[in-house]
Number of protein chains: 2
Amino acid sequence: MLEADNAQTAHAIALDRKPDLILLDWMMPGTSGIELARRLKREEATAEMPIILLTAKGEEDNKVQGLEAGADDYITKPFSPRELVARLKAVLRRATPPGIEEAVEVEGLRLDPSSHRVTSHGGALEIGPTEYRLLQFFMTHQERAYTRSQLLDQVWGGNVYVEERTVDVHIRRLRKSLGDGHQHLIQTVRGTGYRFSIRE
Amino acid sequence: MLEADNAQTAHAIALDRKPDLILLDWMMPGTSGIELARRLKREEATAEMPIILLTAKGEEDNKVQGLEAGADDYITKPFSPRELVARLKAVLRRATPPGIEEAVEVEGLRLDPSSHRVTSHGGALEIGPTEYRLLQFFMTHQERAYTRSQLLDQVWGGNVYVEERTVDVHIRRLRKSLGDGHQHLIQTVRGTGYRFSIRE
DNA sequence: GCGCGACTGTCATATCGCTGTCATATTTTC
DNA sequence: GAAAATATGACAGCGATATGACAGTCGCGC
């Protein structure tokens with residue numbers, strides 16, 4: 001649960017933390033909610049995030065504008081907690097298409113997002129949160145070299161200030177977790193960064 | 001590193017020298033920093049330049065105004081050098097989208113920039129960074145002889161002082177990496193330099 | 001509210017590969 | 001055959017990456 005009381009902050013947080021869903025009030029200080037929605041939908045990093053818009057009763061115009069700006073649903077104030085929850089669920093359900101839930105498997109190494117688990121030939125692997133995300137990114141973007149910068153953006157999130165060398169450390173932790181059986185998949189590309197590859 | 005102590009000069013320099021990033025103090029003589037930011041963002045030539053705003057502690061209003069004026073990030077004084085550097089990096093990272101490049105293939109020899117890899121009929125080849133760049137240059141500039149000087153400029157970069165003979169050594173290393181299957185592609189042009197060619 | 005363990009980011013240090021240069025061998029040219 | 005150009009092998013310095021350790025945070029269970 002994250003909160004922001006103005007559009008700037010909200011924007012920054014959205015980029016930074018990649019929330020599953022955004023609940024947006026039409027009335028916000030600074031940039032209007034609608035403008036924020038538009039912005040979020042425009043940027044690739046945040047375009048996929050579902051947005052629910054809160055509008056005051058009867059403001060039909062707002063609803064239309066909101067939906068046009070890219071909101072996925074709207075709720076009219078006042079609303080019951082029950083209604084809110086129902087809509088949240090509905091939007092989340094729609095927003096979590098099989099794509100993200102699909103497990104990936106390579107040479108006996110399997111990452112299953114639905115159970116949030118990594119297994120090697122059936123046996124569970126010890127793996128930290130960051131390493132999990134790193135591995136997930138790699139397994140869904142194989143055979144491609146990424147710089148430390150790009151990995152920071154993709155795995156850590158956009159507005160995060162971390163030393164590039166930190167990536168090295170997590171790569172090492174990931175390799176350690178993968179063990180001898182699979183660590184050859186995580187390859188160093190000297191002078192560039194790292195790569196996940198089946199070959200070689 | 002360029003400096004200006006007022007908005008006019010800064011504006012001029014920005015236009016003139018096209019810096020990668022602008023660090024802007026909120027407090028400036030003449031036009032305020034915020035006004036300058038707005039101006040820079042309005043003009044096409046300077047709109048893409050990332051701007052980081054320096055604001056005094058606690059002036060929340062300034063931050064909001066700054067971001068609305070188009071600043072990409074802000075730092076509150078006082079700040080640590082570490083933080084400054086981190087933010088600079090992060091902003092630059094976001095501002096420099098990676099170029100998209102096509103793979104090149106010749107007679108089963110394939111160089112793929114996205115995976116940063118060289119393969120011979122599917123099998124990965126061992127190749128160092130410099131040899132990789134050298135090969136990339138050659139494959140994108142085939143059938144043409146280059147002097148050692150030109151290669152140094154193109155592959156090593158303009159302002160490097162390196163012996164011309166060094167090129168010979170890297171040519172050799174490249175040939176070695178390519179192995180018997182492909183080294184005939186790298187040809188010596190006696191008295192001139194080298195050439196990448198399919199023909200004899 | 002507190003203590004504990006897990007996780008993160010950073011640093012210092014160890015390693016390893018890459019680089020440029022040289023001395024020497026080989027090839028080409030005339 | 002001599003001179004010039006290029007190829008080759010060796011090497012030491014340097015820079016990038018790997019590793020191990022550490023302190024700060026955070027969430028959780030008590």
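In what follows, every chain begins at residue 1, and chains take the letters A, B, ... in the order their sequences are listed.
Here the C1' atom of nucleotide dT8(D) and the NZ atom of Lys176(B) are 8 Å apart, to the nearest Å. Rounded to whole Å, atom P of dT17(D) lies 11 Å from atom CZ of Arg175(A). Regarding Asp168(A), its CG atom lies at a distance of 14 Å from the P atom of dG20(D), rounded to whole Å. Per the geometry, CD belonging to Glu163(B) stands 11 Å off P belonging to dG20(C), to the nearest Å. Rounding to whole angstrom units, CD of residue Glu164(B) and P of dA5(D) are separated by 12 Å. Rounded to an integer number of Å, the gap from Arg172(A) CZ to dT19(D) C1' is 5 Å. Rounded to an integer number of Å, the gap from NE2 of His170(B) to P of dA7(D) is 14 Å. Here dT15(C) presents its P atom at 15 Å from CZ of Arg190(A), a figure rounded to the nearest Å.
Contact annotation: Arg165(B) reaches the phosphate of dT6(D) (side-chain N/O to OP1 or OP2, under 4.0 Å). Of the side-chain N and O atoms in Thr130(A), one or more sit less than 4.0 angstrom from OP1 or OP2 of dT8(C). Taking only side-chain nitrogens and oxygens, Tyr194(B) comes nearer than 4.0 Å to OP1 or OP2 of dA7(D). OP1 and OP2 of dT19(C) both lie 4.0 Å or more from every side-chain N or O belonging to Trp156(B).
For the residue pair Glu107(A) and His182(A), no side-chain donor N or O sits within less than 3.5 Å of a side-chain acceptor on the partner.
Contact annotation for Tyr132(A): no contact, since no heavy-atom pair falls under 4.0 Å across all strands. Among the protein residues, Thr188(A) comes within range of the sugar-phosphate backbone only, with heavy atoms under 4.0 Å from sugar or phosphate atoms but none that close to a base. Nucleic acid contact class of Glu131(B) (heavy atoms, under 4.0 Å, all strands): sugar-phosphate only.
Taking the centre and axis of the six-membered ring of Tyr146(A), the NZ or CZ atom of Arg148(A) falls outside the cone set by 45° and 6.0 Å.
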Can you check side-chain contact (heavy atoms from CB on, under 4.5 Å) on Arg117(B) and Ser197(A), steps first, answer last?
-> CA-CA 11 Å; Arg117(B) 207 168 218 178; Ser197(A) 168; 2.7 Å; yes
Should Glu143(A) and Ile198(A) be marked as a side-chain contact (heavy atoms from CB on, under 4.5 Å) after you check the CA-CA gap, both sets of side-chain angles, and the distance that decides it?
-> CA-CA 8 Å; Glu143(A) 302 299 339; Ile198(A) 308 171; 4.1 Å; yes
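Using cut-offs of 30° and 60° on the angle between ring planes, the pair Phe138(B) and Phe196(B) is parallel.
The base of dG20(C) lies close enough to the side chain of Arg173(B) for a donor and an acceptor atom to sit less than 3.5 Å apart.
Two residues, Val169(B) and Arg148(B), neighbour DNA chain D, and the one matched to the more 5' nucleotide by heavy-atom proximity is Arg148(B).
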